[in-house]
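Report on the following structure.
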Amino acid sequence: MVLTGHYDVVSAANYGPHADVAFDPEALLPRLIADLRVNARSEAERRALHDLESGDFLPGRGALDMKAGLAAGIAALAEFAARPARRGNVLFAAVADEEVSSHGARQAAPELRALAEREGLDWRLVINLDATGDNGDGSAGQAVYLGTAGKLLVSAFVVGVDTHAGYSLDGVNVNFLASELTRAFEFSPELTDRSAGIMGTPPTVLRQQDLKTYYDVTTPARAWLCVNALTHGLDAATVLDRFKASAQAALDDALDTLRRRAEALGETRSAAHGATPLVLTYADLLERARQQVPDLDAALTAYDAGLDPQLDLPTRSAHLTGWLWDASGLLGPAAVLGFASLHYPNTTLDSRNPTEAQALDLVRATLREKGAELGVTISERPIFTGISDMSWFGTADSADIAAVNANTPAPAAHIHAPPAGLPCINLGPWGRDYHQWLERAYAPYSFGTLPRLVSALTEAFLR
């Protein structure tokens, strides 16, 4: 059995005057109560005051996300170690960096396979201990998740036609094109994963900016968009195809709008009249550039190596795509669609796989029996909708990973070692307002019920 969870947390800066005790729940609790009694105005703040005064919630940065889950895993591990006639093995793996790039879980996945081969182990189940938010009575938070959503950061490198602002009809402003792409992508039902009858989380734009770094009266020529796209059934190639089709329709409409506006101004020979927007994937652009530049791959690698090592992956991807666009010799208006950061694969227990089907049956039976004993009902959900390290412990499609790598400019964002390919569920604490200054874990479940559920599953799978 593997019990795992991440130990990194987000910044405590949003605690404001309470930041100095954000990691000390006993000191933080009375200060939050005093603050909220005077200043609570929203429903969320009044709910937080009621929760904290009840004594049932533990506040503090990381209390919910993710220390309570780790505590439950440690408690279950200690109980297992104390059994005089225990069978099997339990590995507790606290991993780093889930909040950014999951370096810990990505390193752990191949180590699990290597350890199993070296020690002759058969991994039966991975329990990820991530937390759930629940603003109700806890019935939604007391849940086991059979899979996790995948994450793709879809990018669009947008190219316009720059011109002197005094002769704006002679250009195609990239800011207009980027804005139309944002309008097409944001909350788009057509780009939302609805696989297996489950309505997924719609896409949302995380970055939109033109790439001009100085001021003059020339219109900007290039822009960069990043869109968060969560999946639970769609493969990455399908996601990219859908974004590409949406981008093509949006740019076609944008150019049509510019033509109609130019004509309303009495101009029928604007830059928009002679423009047909081009939409490519990053892999398409790479092939176009290879036709133009000898030894392109070596030159692109050298350019990447010369970039500032502190650049985040999306910014690095923008630089790499821009360099490749220049190498291709192509002209705008255009958009290049790709992936700008690490791909988190979607994973789920597959009932068509005999091993995973058997694991699923045992999870259900154990939680039903132990839940009845403890007086709680554990609901079952197919997908953990937050990004989680389950992506690296479950099973992912190698073809899906290859498709993402081919369209990801930054080599540092490529997946080189596949996920562990093990039966994996999420069973963790619940609370409210994680990542916020009122983050708090519901203590009776998190520190009483949850460790007993994890222990019961551990015993059942190793019996």
Side-chain angles (χ1 to χ4, degrees), residues 3-16 18-19 21-33 35-36 40 42-76 92 94-100 102 104-105 127-145 148-149 376 378-379 381 384-390 425-454:
L3 309 178
T4 186
H6 69 91
Y7 60 81
D8 62 316
V9 299
V10 295
S11 167
N14 60 1
Y15 278 79
H18 309 301
V21 291
F23 297 99
D24 184 348
E26 291 181 352
L28 177 64
L29 178 61
R31 283 174 53 171
L32 290 182
I33 290 174
D35 186 329
L36 291 168
S42 68
E43 180 182 347
E45 289 171 345
R46 288 189 289 271
R47 181 169 55 239
L49 176 59
H50 177 270
D51 287 349
L52 296 174
E53 288 180 330
S54 75
D56 285 338
F57 285 83
L58 183 76
R61 173 59 74 236
L64 178 63
D65 184 22
M66 241 292 289
K67 308 303 186 184
L70 292 175
I74 291 171
F92 176 79
V95 295
D97 191 48
E98 186 267 358
E99 298 288 1
V100 181
S102 287
I127 301 179
N128 193 57
L129 300 160
D130 222 327
T132 299
D134 184 345
N135 285 327
D137 62 2
S139 57
Q142 296 170 178
V144 59
Y145 296 85
T148 188
V376 297
I378 307 303
S379 61
R381 296 188 183 182
F384 185 80
T385 55
I387 303 157
S388 84
D389 282 333
M390 290 177 74
I425 62 170
N426 191 88
L427 183 66
W430 74 268
R432 313 201 210 275
D433 293 335
Y434 57 77
H435 285 208
Q436 300 180 44
W437 68 287
L438 294 172
E439 175 182 354
R440 57 201 183 276
Y442 182 66
Y445 180 81
S446 301
F447 306 130
T449 304
L450 179 60
R452 291 174 172 82
L453 296 175
V454 175

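Each residue takes its place number in the sequence, starting with 1. On a predicted model such as this, the values are computed, not experimentally measured, just so you know.
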Is the backbone of Ala96 close enough, under 3.5 Å, to the side chain of Asp8 for a donor and an acceptor to pair up by distance?
-> no
Report the distance from atom CZ of Arg432 to atom CG of Leu438, rounding to the nearest 0.5 Å.
-> 11.5 Å
Any chance you could measure Met390, atom CE, to Tyr145, atom OH, to the nearest 0.5 Å?
-> 10.5 Å
Atom pair OG (Ser446) and CG (Leu129), whose distance is rounded to the nearest 0.5 Å | 11.0 Å
Side chain to side chain contact (heavy atoms under 4.5 Å, CB included) between Asn128 and Phe384: does it pass, once the steps are laid out?
-> CA-CA 11 Å; Asn128 193 57; Phe384 185 80; 6.0 Å; no
Once you round to the nearest 0.5 Å, how far does CG of Leu64 lie from CZ of Phe57?
-> 10.0 Å
Criterion side-chain hydrogen bond (donor to acceptor under 3.5 Å, both in side chains) against Asn14, the qualifying member of Arg61, Gln436, His435 | Arg61
Is it the case that more than 12 heavy atoms not belonging to Arg452 sit under 6.0 Å from its CZ atom?
-> no
How about Asp389 and His6: does a side-chain donor come under 3.5 Å of a side-chain acceptor?
-> no
Kindly assign one of parallel, tilted or perpendicular to the pair Trp437 and His18, based on the angle between their ring planes and the thresholds 30° and 60°.
-> parallel
Looking at side-chain heavy atoms only, is the closest gap between Asp134 and Tyr442 below 4.5 Å?
-> no
Atom pair CG (Leu52) and CZ (Arg47), whose distance is rounded to the nearest 0.5 Å | 11.5 Å
